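See structure below.
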Amino acid sequence: MPRMNMVQALNSAMDIMLDRDQNVVLIGQDIGYFGGVFRCTDGLQRKYGEHRVIDAPIAEGGIVGSAIGMGVNGLRPVAEIQFADYIYPGCDQIISELARLRYRTAGDFYAPVTIRTPCGGGIRGGQTHSQSPEGIFTHLCGVKVVMPSNPYDAKGLLIAAIEDDDPVIFFEPKRIYNGPFDGEPDKPAVPWSNHEKGEVPSDYYTIPIGRADVVREGEEVTMLCYGTMVHVCLAAAQAMDVDAEVIDLRTLSPLDVETIRQSVEKTGRCVVVHEATRFSGYGAELAATVQETCFYSLEAPILRVTGWDTPYPHAFEWDYFPTKKRVSKALEDVLELA
Amino acid sequence: MPRMNMVQALNSAMDIMLDRDQNVVLIGQDIGYFGGVFRCTDGLQRKYGEHRVIDAPIAEGGIVGSAIGMGVNGLRPVAEIQFADYIYPGCDQIISELARLRYRTAGDFYAPVTIRTPCGGGIRGGQTHSQSPEGIFTHLCGVKVVMPSNPYDAKGLLIAAIEDDDPVIFFEPKRIYNGPFDGEPDKPAVPWSNHEKGEVPSDYYTIPIGRADVVREGEEVTMLCYGTMVHVCLAAAQAMDVDAEVIDLRTLSPLDVETIRQSVEKTGRCVVVHEATRFSGYGAELAATVQETCFYSLEAPILRVTGWDTPYPHAFEWDYFPTKKRVSKALEDVLELA
Amino acid sequence: MSRKPRLHIPPAPARPGADPDFSYIDIVEAGSVPRPDPHTRLREIPNSLIFDMVRVLDDAHAPVGPWDPQLDPEELQAGLRFMLETRLYDDHMLRMHRQGKISFYMKSRGEEAVSVAAAMALRPGDMLFPSYRNQGLQISRGRNLADLMNQCLSNSADMCKGRQMPIMYHWRRGNIFSISGNLTTQYPQAVGWAMAAAIKGEDDIAASWIGEGSSAEADFHHAMTFAAVYMAPVVLNIVNNQYAISTFQGTAGGERRPFAARGPGYGIPGIRVDGNDFLAVYAATTWAAERARAGTGPTLIEHVTYRVDAHSTSDDPSRYRSKAEPQAWPLGDPVERLKAHMIKFGQWSESRHEALVAEITEQVASAWEEACSYGTMAEGPFLDKNELFEDVYRDMPTHLIQQREQMLEVDRWGEEN
Amino acid sequence: MSRKPRLHIPPAPARPGADPDFSYIDIVEAGSVPRPDPHTRLREIPNSLIFDMVRVLDDAHAPVGPWDPQLDPEELQAGLRFMLETRLYDDHMLRMHRQGKISFYMKSRGEEAVSVAAAMALRPGDMLFPSYRNQGLQISRGRNLADLMNQCLSNSADMCKGRQMPIMYHWRRGNIFSISGNLTTQYPQAVGWAMAAAIKGEDDIAASWIGEGSSAEADFHHAMTFAAVYMAPVVLNIVNNQYAISTFQGTAGGERRPFAARGPGYGIPGIRVDGNDFLAVYAATTWAAERARAGTGPTLIEHVTYRVDAHSTSDDPSRYRSKAEPQAWPLGDPVERLKAHMIKFGQWSESRHEALVAEITEQVASAWEEACSYGTMAEGPFLDKNELFEDVYRDMPTHLIQQREQMLEVDRWGEEN
Ligand SMILES: Cc1ncc(C[n+]2csc(CCOP(=O)(O)OP(=O)(O)O)c2C)c(N)n1
Ligand SMILES: Cc1ncc(C[n+]2csc(CCOP(=O)(O)OP(=O)(O)O)c2C)c(N)n1
Ligand SMILES: [Mg+2]
Ligand SMILES: [Mg+2]
C-alpha cells in the first residue's frame, strides 16, 4: 500500500475526482500553476488544464460566490480558502446562500460545493494563520462540516465530500499535514510514513460523512476530539495510562450522536478537546449533547480542554495550544471527580 | 415616569449620548433623514446634523470597516446593521479586526464601536428577516454581546455599550420593539405602555454590561433566556404554575455565570430557551457551563428549547418559533425527569 | 470637535415639501450615441456609452439612431403585453396586501421595460439571476401568474414550499434563479454560472440584475473582478431607479459618475441606457449578449429609471422624497412610451390597448382565483408542516428527524393540555 | 463537457524556464504626463494620468516635466538613507530568519521608494494604514530599528507583546496603524479614520497601501465607495508589484486596465506612477495629499513596481516565475536610480554612498544587538506569559481570569508530574 502524508492524500482525492468526473473543478488562490501554498493541488493544473484547476483572485467572497454559480450550472466545485483565518470575507455567501439555497428553493436549486481550508495552530502562525473557526460553521444548518485527523480518512472523506450533493466545509488541520503531532512541541517531528493511517490506497474509496471513528476503546472515560487533537488525546491517554475511549468525530455536523452515546453510557465520564476558543464553541455543543443524551450515566461533569478565549498568540503558542500536558491533567481531573 | 416602547428607549439612549459626547456618531443604512426602517434613529439627524447621523451605502463591511477607522480616530461610532440577517458581509471586519485590534496591538489601538442590529422572528419575515445569529458572535473573544428584553434595559444597556471602550454587538429583538410578546401568536398584541419595564426615565442611566437579571424567583427550575424569550418563559412558567426562576441574561458575553450558578444550585433543574437554531448555538454554551458549574446539583438533564435546525420559514413560523406551548412542555418534561 | 465639520454628504434632490429636481440627470438626445460593433475592444468603445445615454425613442416616439433594434410589430406587442401584465399583476398584488391576503409585496412600476425588454433580448437557455424587482423577467418568459401568486401566498402549490417571503420566486424550468433577501449575492453567482458555461464550452450566457444601492455591496466587486479576469459570458445590470429605500443614488456613489462608469475601470464596457425606453433596453441587452456569447466578455449596463412607488409594502416614500417626483421624472413611463410609439406607426390603437388591459385584468383575476384554490394564508389547503424539515439537506439527517418528531409531540401534547 | 472549454485565463508573462517578458507594461517617457492642478475636477483630469505613467527621472537620471517635486539635496539624501535603511534592515532580517532567529519575514526589496517617498511627502500627523510590505514607512518616520526587531523577536520589548507574527508592526506615537494578517481590511479603516478627521474638522489625512492582488478583496470596494461618497481625505495606494504570491497581476484584474483606472469609475482620480522613481512617488503623493487636505477628495495611486524577492520566507518564486525576471524589470531599482540622479547633480558620490552603506550596516547590527538584549526566541528575558490574557478586553473578565489560573495550574501540575 502506498504511504502518503495528508497533503498527498488530499491531492490524490482531488486527482481521482478530477479524473472520474469532468464536472469537478478546483478554484482558489495559488492552487493552479503553483500547486497551492501547502502544495495540496500540486501537479493538478498541469494534468487537467487551466479551466479545471483555476487560480483565483484574492477574494474569498468571490471564490465562494462564483463556486455557487458553477455548482448551480452543473459543476462540482472544490474551492480552497488559503487559510481558515481568511474564510470570513466568504461568510455571507456561505451562510446566506450556500447553506440555504436548497431549502429556499424547495430543492429546485442546490450547489454541491466543497470548501477546503487549512486550520489550526502550532505552526507559529500567530493570530491570522492558526484559527479553528469550525464552531461558526457547525452552527449553520444546510452545510456539513468535516475535519479529518489522518491521511487515510482525509482522502476518503474528501472524495465523499466532493460527491456529496450538499455543501461541505472541509477543514484540514495543517499541523498534521506532514505527520501526526501528539501535543508535545519539544519532541522531534515524525512523518506519516510510520503511521498506520499513512497507508493510503491509491484508488478511489470513500469514508462516509456523518460517522465518527472509535480510535481507541476504553472503559474509564470518553474523549471526544477531531483533527490534530485526536493525536494529543491518544498520547495523553497513553501517558496517563488511563483506559480511555477516544472518539475521532471526523464529521462535526451532522454529528454521530449514537457513537458518542454508546461510549459515554459505558464510561460515565467525558472530556471534550478542541483547539478553537472555548466560549460558545463547538465543544459546548458536544457537552450539551452528551449531558442531554447520557445524563443518567454521567459520574462527573464533562470537561472541556480548548484554546483559551483569546486570539491565538505568536509567542505563547504552546501555552495556548491544548497540549498533551493540558489534556493529561484534564483526564486526571475527570477521573478524580466523583 | 415617561412610557416608552423599545424603539423610543433606544432612540432616547442615542439622543442622550449624541448630546453628551460629541464624539458619538451614528452610521447605517436609512438611519439619517428617514430615521431608520424601524425608526430607532427618528429625528436624530435633524437634531445633530448629517455629519453625526450618517446615511451609509449598502455595504455592511464598509460600515463596520469605516466605523473601526472612526473609532481609532477618537470617535465612538454606533453602527446600525438594518437586519441581523445582513451582518455577514461585515463579518470579516468584525471577527478579524474589531474583535482583535486591542489584543494584537497590546492595547495601543482599539475601536469603541457599538453595532446595533434587529434580530429574531415572529414577524413573517421569512429566512432573511428573522435570524438570531448571536451564537456566531458569542464565540468571538474581544467583543461583548448584549440583547435586551425590554425598553428600560434597552436604554440603559445601549448607553453602557456606547460608553464601553470594548466593541459591543447589540442585538435588538424586533418582535418586542412595540410590545412584549409572550409566545402566543393568536393573542392580540399588547403595547409596552402597560408594562412596568415600559417606564423609562428620560435621563441618562446605565445598566451594567455583564450582569444578568433574575426576573422571576423560583425554586423548582431555572430558565435561562434573553430577548423575546424572556416573555415567553415568564408566560410558560405562569401558565404551567411552575415555581420557575427566570433569568434574563441581558449580556450573553461575557456571561454572568455566578448568577446562573446560584440559581441552578438552588433549583437543580434548568431549561435553556432561545430562538436561534439549536445545533452548536449559544444555548449549547449555557448547557455546557451549567453542567460544568453545577453538575452535582443537577437532578435532570438541561433541556434546550430553540429554533429548529432549519432556516426560518415564512409559512410555518409558529411551528418554528419557541412558543409558549413548546416552552411549557419543556417545563413539564424537565420536572418529570428523574 | 473644535473646528467646523467638513464631511461631504451627497445632497438629496428633493425632500418632502421641496420641488422635484432631476437636473442632475444628464439626458442626451435619442439616437445620439454611436453603436460600436459588439466585438470592439474596450479601448475603442467611445466614452459616450458611459456618460451619455443610449436612447432610441425620440420625443415624438420615433425610433432614431444606430441602436434601433428594428423589432417587428409582433415583438413590440409582446413587449407591451408583458409590461402591462407585470404592471397589472403588481397592482393586483398590492391590493391583496392591503386586504391582508399576503404578508408583503414589492412593485416594479416604472421599471417594467428593464426586465421585459431584457428577457426578450436574451435566449430561453440563458440563465437569469434577478433581484426582487424583476418580476417582468418571469412574466416575459411565460410564467403562469398563478404560480407567482402561489409563492406569495405560501400555499400548497408554492414552489418554495412556504419557506420564503412573498416575491422571492425562482423557476428552474424557466432558467430563472432564486431571489435572495440578501442583496447582490446573485451577482458573483451569475458570473460563476457563466464561467461554468465557458468551462463546458456551452454558449448559454448568464445575466443578473441589482439595484444601484446594491452596487455598494462587496459582491458587486467580486462579480466585476471575476467577470473581467475570466471574461465570463455574463451581462451585469444595475437598475438605477434613483432610490435605495430612503437613500438617494448619491449615497451609493452615483453623485459624480454614472454607475456605468464602474465597468471600464475593471476592463468591462459600460452602457448607460434609458431604462424607460423599451427599445433602448432591448438594444443594449442584445449588444451585450452578442458580445458575451461570442466570448468577447462581460458588459455592465446601467438602466436609468425611477422607482415610482414605495420601496415595498413596509415603506412610505412621502417621508423622504417630494410627492411630485414621479410625475416630474424626465424619462416618462415605459408602457406609455412604447404604446405611443406603436400607435404612431399604426401598430396599435387606444381601443386595442383598452381591450388588452381588460383582458389582462381578467387574466390576473382568474389567476388569483386559481391560486386561492391552492390555499391562502387563512384557508387551506395548507402545506404539510412536516415540510419544514425537508430540503435542509438532500437526505434528512437524524437530528432533523428527531426535531420533526419533537414538533409533532408538542402538537399532540398541546391538544391534550 | 462535449464542447471545447473557452474560459479565459489571464496568461502569465514568463514561467520558469521562459524568457522574461515585460512587454505588457506600458512605459511612457519621463515628464510626458501633464500635471493638473490638484483641485481639478475629475472630468477635467486627463486620462493620461491613468493610462500613461507619471515619471520624473529620465533615462539619464535627470528630473523632467511638470511632476518634478524639486526636492533639495538634504531631502534627497534623507530619502536615499531611508531606502537604504529599509533595504539593509530587510537583508539583515532575512539572514536572521535563515539562522532560525525569527520565525518569519517579508522583504520589500525593489519597492522601497513606494513607502519612503510617500512617508516623506505626508505630514507626521497624517495617519498611515500600511500593508505588510511597507516597512519603509516606519523607517522614514524615524522608528528605531530595534523596536521593529523586538516585534519580530516577540521579545520582552515587543510592542505587540508577542501576539503577532513578525512584521505585523504598529506605532501609535508615530501614527502608523497596526498591520493585519487579513488582506485589505485596513483600506476602509483608513477611509473611516479620514471621515472622522473631516467630521472633527481636522486637516490631518489618512493614507493606506495594499498590493494589487489585495485589490480584489471586498474591502477595496468598500473603501472606494465610502471614500467617494463622503469625499474622505484619504490617499489610497495600490502597490502593483506584479505578483500576489504566485499569481500574476492579470489574475487580480490587471490584464486589460491599469489598477489606477478603477478610480474614475468611482468618481476618484487615479494616478499610475513609476513606483521605482522616488521623485515620481513623492510628487504623486504630494498631489493627492494636497487634494485630500483641501477637501477636494480622495485619490487612488497605482505604483508600478516589482517584487524582486520571494513573497515571504515561506515562498520560493523559482517555482512559478522566470529566474531572470528581476534583472529584466524595465523600471530599474529605486535606490540605484535615486543614487544615480544625486551623483549626476553632484549631490552624492560613490564614496559617500559606500560610507553610508557601512554606517547603516553598523546601525542595523547594533540595533540587532540591542534588540537581542530584550530577549530572543531562545533566550530571555521573555514576556510574562500571563500577558496572554491581557488586552482581549480593556478589563479582564472573570472567565479569562479563571482561564489564566487554569493555565498556571497546569504548569504547576506539570512540574509535579
Ligand atoms: C445585505 C443586505 N443589506 C441590507 C438589506 C436591506 N435592504 C433591502 S432592499 C434595500 C435597498 C436596495 O436598494 P437598491 O439596490 O437600489 O434596489 P431597489 O430597491 O431600488 O430596487 C435594502 C437596504 C438587504 N436586503 N440585504
Ligand atoms: C483575506 C486574505 N486572504 C488571503 C491571504 C493570504 N495571502 C497573504 S499575502 C497574499 C498575496 C497578496 O498579494 P498582493 O496584494 O499583491 O501583495 P504583495 O504580497 O505583492 O505585496 C495572500 C494571498 C490573506 N493574508 N488574507
Ligand atoms: Mg434603487
Ligand atoms: Mg503584489
Side-chain angles (χ1 to χ4, degrees), chain C residues 1-10 41-43 47 50-51 194-203 215-222 224-233 247 250-268 270 294-297 300, chain D residues 1-10 41-43 47 50-51 194-203 215-222 224-233 247 250-268 270 294-297 300:
Chain C
M1 247 173 273
S2 38
R3 279 149 286 184
K4 213 171 140 293
R6 55 193 185 87
L7 188 75
H8 172 78
I9 305 287
R41 286 182 49 218
L42 177 59
R43 280 217 179 190
N47 269 337
I50 292 163
F51 290 112
M195 287 170 67
I199 290 169
K200 295 193 281 184
E202 294 166 357
D203 68 357
S215 73
E217 286 286 5
D219 277 330
F220 174 77
H221 182 55
H222 299 144
M224 294 295 283
T225 305
F226 279 60
V229 168
Y230 303 110
M231 292 183 75
T247 59
T251 309
E255 191 181 359
R256 275 172 298 277
R257 280 289 147 123
F259 290 91
R262 299 284 172 85
Y266 289 91
I268 295 177
T296 315
L300 180 71
Chain D
M1 244 172 278
S2 38
R3 278 152 288 184
K4 213 171 142 286
R6 53 192 187 87
L7 188 75
H8 173 75
I9 305 288
R41 288 183 46 218
L42 178 59
R43 280 218 180 187
N47 269 337
I50 292 164
F51 289 113
M195 288 170 66
I199 290 170
K200 297 192 280 183
E202 294 167 355
D203 68 356
S215 73
E217 286 287 5
D219 276 331
F220 173 77
H221 182 55
H222 298 145
M224 294 294 284
T225 304
F226 279 60
V229 167
Y230 304 110
M231 293 183 73
T247 60
T251 309
E255 190 181 1
R256 273 171 301 274
R257 280 286 145 126
F259 290 91
R262 298 284 172 86
Y266 289 91
I268 296 176
T296 314
L300 180 71

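Only this structure's heavy atoms are used, side chains among them; waters, hydrogens and symmetry mates stay out. Since the model is a prediction, treat every value here as computed from it, not as a measurement. Numbers restart at 1 for each chain; the letters A, B, ... are given by sequence-line order, proteins then strands.
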Checklist entry - Side chain, backbone, both or neither: which part of D:D219 has a non-hydrogen atom closer than 4.5 Å to chain C? => result neither
Checklist entry - Relative to chain C, which segment of D:R41 carries a heavy atom at a distance below 4.5 Å: side chain, backbone, both, or neither? => result neither
Checklist outcome for this item: Interface check, chain D: of C:V229, C:I9, C:I50, most non-hydrogen pairs under 4.5 Å belong to C:V229
Next on the checklist: Would the distance check show the side chain of D:R262 and the main-chain N or O of C:G265 forming a donor-acceptor pair, the cut-off being under 3.5 Å?
Outcome noted: yes
Item to check | Partner chain D: residue of C:T251, C:T225, C:L42 with the largest heavy-atom pair count (under 4.5 Å) | outcome: C:L42
Checklist entry - What residues, two or more places apart in sequence or in another chain, satisfy side chain to side chain contact (heavy atoms under 4.5 Å, CB included) together with C:A252? => result C:F259
Checklist entry - Based on non-hydrogen pairs under 4.5 Å, which of D:A218, D:G250, D:A260, D:G253 is most in contact with chain C? => result D:A218
Checklist outcome for this item: For C:H221 and D:E217 the tightest heavy-atom approach is CD2-O, 3.2 Å
Next on the checklist: Can you tell me which of C:A194, C:G254, C:P264 forms the most heavy-atom pairs within a distance under 4.5 Å of chain D?
Outcome noted: C:P264
Checklist entry - Between D:R257 (side chain) and C:Y266 (backbone), is there a donor-acceptor pair under 3.5 Å? => result no
Checklist entry - What distance do C:R6 atom CZ and D:I199 atom CD1 have between them, rounded to the nearest 0.5 Å? => result 11.5 Å
Item to check | Interface moiety of D:F51 toward chain C, non-hydrogen atoms closer than 4.5 Å | outcome: side chain
Checklist entry - When you measure from the side chain of C:R256 to the backbone N and O of D:A228, does any donor-acceptor pair fall under 3.5 Å? => result yes
